[in-house]
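Take a look at the following structure, please.
Hydrogens, waters and symmetry mates are skipped; everything else that's a heavy atom, side chains included, is used. A note on names: the letters A, B, ... follow the listed sequences, proteins ahead of strands, and every chain is numbered from 1.
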Amino acid sequence: MKSVIRQLIGGALVRAKENGELELSVAPEIVVEKPKEEKFGDFSTSVSMMLAKSERKKPRDIAEILCSHLKNGEGQVVASVEVAGPGFINLKMAPTFFLQRLVGVAEEGVDFGASDVGMGRKVLLEFVSANPTGPLHVGHGRGAAVGDMLVRLLKKAGYTVSSEYYINDVGNQMNTLGRSTRLRYYELLGKGGEFPADFYQGDYIRDIAQEIIDRHDQKFLDQSEEESLPFFRKYALEYILNGIKKDLTEFGVGFDRWFSEQSLYDDRLVDEAIDWLREKDYVYDKDGAVWLKSSAFKDEKDRVIIKQTGEKTYFCSDIAYHKNKIDRGFEWIVDLWGADHHGYVPRMQAVLEAMGYDKDVFKVMLVQFVSLKRGGEKVSMSTRSGEFETLADVVKDVGVDATRFFFLMRSSDSHLDFDLKLAKEESPENPVFYIQYAHARICSIFRTAAEQGLNLPLPSKIDLSPLKDEEEFSLIKRILSFTEVIEKSAESLEVHRVPFFLHDLVAAFHGYYSRHRVVSEDKALSLARLFLVDCLRTTIRNGLAVMGVSAPERM
RNA sequence: GCGCCCAUAGCUCAGCUGGAUAGAGCGAUGGUUUGCGGAACCAUAGGUCGGAGGUUCGAGUCCUCUUGGGCGCGCCA
């Protein structure tokens, strides 16, 4: 919508230049925004202030010039133009400008809000990627909700999106996992020894061991660790991974691909990546290890990629993974990591830079921690104590919709207080219900309308002229700004904009609803209002859909 | 010690690439029924945007310093 306004102002600038009133040696960026107060008009621009310096004129004088050209230009859509304050130009649009676009909303339906700003750019989102050594906790849940919303959001904004979960199924932790399981197995069979502190303490390890006993009885009791460890490692990994997949599925989160770290080794991609770096002279040998010259690319020091022992580091396979992402043709690579991994960002960026890729090809999004609370009281969350809250527990307790909404309603780079009590309550304090309630309420209006034999005609046949109230136009303008919210939210990867938008939209609706009757004796007015309210419902539903939150017809 | 993130109303947080009088929810106080769902609506109170400088027509927003909190700084993953 704003782009239309931008074109209008651009036209006025051109005419002013042709008339010799403005020099315009460089084309200015035309900033169009919605004025804070509606009495200022529908749109405003600050171009005249930005031009003041280069034109050596007062902002207000430039504004006057542009105003005259705007008035002459598009009499059809622009109702009035005026200069205000330090030099803002305020535009008021004709009612038809908005009404025509509202018809477009109904025509687009579920696609309303979609955009092509992404221009089909191939983007890969990697998220969650939690180590398969235990169940997902709430922190992973936030990453999952944010990542999954980004998938939906970027698709809607015209990107070509793929999603991946990187499985760290290599390294010491896998051995520790296998040993932990093996030891619990012995323990359950009455032959356990001391359980080391650095083994995985959680009860889920016992569950795995019990399942192995159920299926294989005492088969491994007499085997050496060397013999049986591969089995325990593999069994535990698959068990946990299946649990993770199940939790995510129940949370409404899916991936296009589960990418195994081990597969990078099996497919020789790790070796190829090392060779490649060697050719480029980005690695060197020192102290019996192999190092990457990451310090040449803004990292604070060089990093080991092959240990003295000959094992590759986690970083090493991650290099191969990200090289592979590039090789698969992705143009925008977005990783969502927990905030505790921020120290790892520079070295990964260094790798991409060494590969010769532009900085904006690779983006790491850090998702900050979640503090669990219950009625204001902190809930402790340490893995060691075993009393941490898993994602599955929270979802079971609070529900998918509320959990997702709470994870998405805050900017990802600020800490999140998640109050379990509040999220669970079906109370007015809970923002999820506030929005869903509006949707249900609109559905209810339609049930009433249907009882009275009122049915909406096709969008092209609707007569919207009965809509005259300012509040109605205020609602229409909000609805129409949805596409821009999607675009901005996608481009900036800021998911919280959508829930904020929805909250404001719905608040405006609830107010309107309490002051105006949608279904009344006036049939023409009723139909026009039903149409408006239907567009509102479409917007709410599409907004919630992008968040992966349901839009119930009844509550 | 070095680096990253955060700091806005009593609490939890918005504030769009710098723009007009800094917003919302909760909490507090006081109101709203003869009609479409009161899980709602309306009104009032509440702020030196952590502090100090700077950049400019203009700063919550950008820069420097500083204070307080979170998190990192492995041949772990």
Produce a footprint string for nucleotides 55-61 of chain B: one letter per nucleotide, 5' end first; B if the base is under 4.0 Å from any protein heavy atom, S if only the sugar-phosphate is, - if neither.
-> --S----
Going 5' to 3' along nucleotides 70-77 of chain B, which nucleotides have protein heavy atoms under 4.0 Å from the base (write B), which only from the sugar-phosphate (write S), and which from neither (write -)?
-> SBSSSBSB
Under 3.5 Å, sequence neighbours excluded: what are the donor-acceptor pairs made by side chains of residues 446-455 of chain A?
unit_1	atom_1	unit_2	atom_2	d
A/R447	NH1	A/E553	O	3.4
A/T448	OG1	A/S444	O	3.2

Pair A/Y512, A/D469: side-chain N/O donor-acceptor within cut-off below 3.5 Å = no
Residues which pass ring pair (Phe, Tyr, Trp, His ring centres under 6.0 Å) with A/H503, listed by chain and number, not counting sequence neighbours | A/Y434
Using the test salt bridge (charged side-chain N to carboxylate O under 4.0 Å, His left out), find all partners of A/D417 that sit at least two apart in sequence or belong to another chain.
-> A/K373
With A/Y166, which residues qualify under ring pair (Phe, Tyr, Trp, His ring centres under 6.0 Å), at least two apart?
-> A/Y321
Residues that A/Q173 engages under side-chain hydrogen bond (donor to acceptor under 3.5 Å, both in side chains), provided they are two or more places apart = A/N131
Can you name the residues that form a side chain to side chain contact (heavy atoms under 4.5 Å, CB included) with A/D340, not counting sequence neighbours?
-> A/F369
Counterpart residues, salt bridge (charged side-chain N to carboxylate O under 4.0 Å, His left out), relative to A/R441 (two or more places apart) | none
Are any of A/S414's side-chain N or O atoms less than 4.0 Å away from OP1 or OP2 of B/A14?
-> yes
Taking only residues two or more places apart in sequence or in another chain, which ones pass side chain to side chain contact (heavy atoms under 4.5 Å, CB included) with A/D287?
-> A/Q308
Partners of A/D266 by side chain to side chain contact (heavy atoms under 4.5 Å, CB included), sequence neighbours excluded?
-> A/Q262
According to the Watson-Crick and G-U wobble definition with distances under 3.5 Å, which dot-bracket string, read 5' to 3', encodes RNA chain B, using [ ] for crossing pairs and | for pairs with another strand?
-> (((((((..((((.....[...)))).(((((.......))))).....(((((..]....))))))))))))....
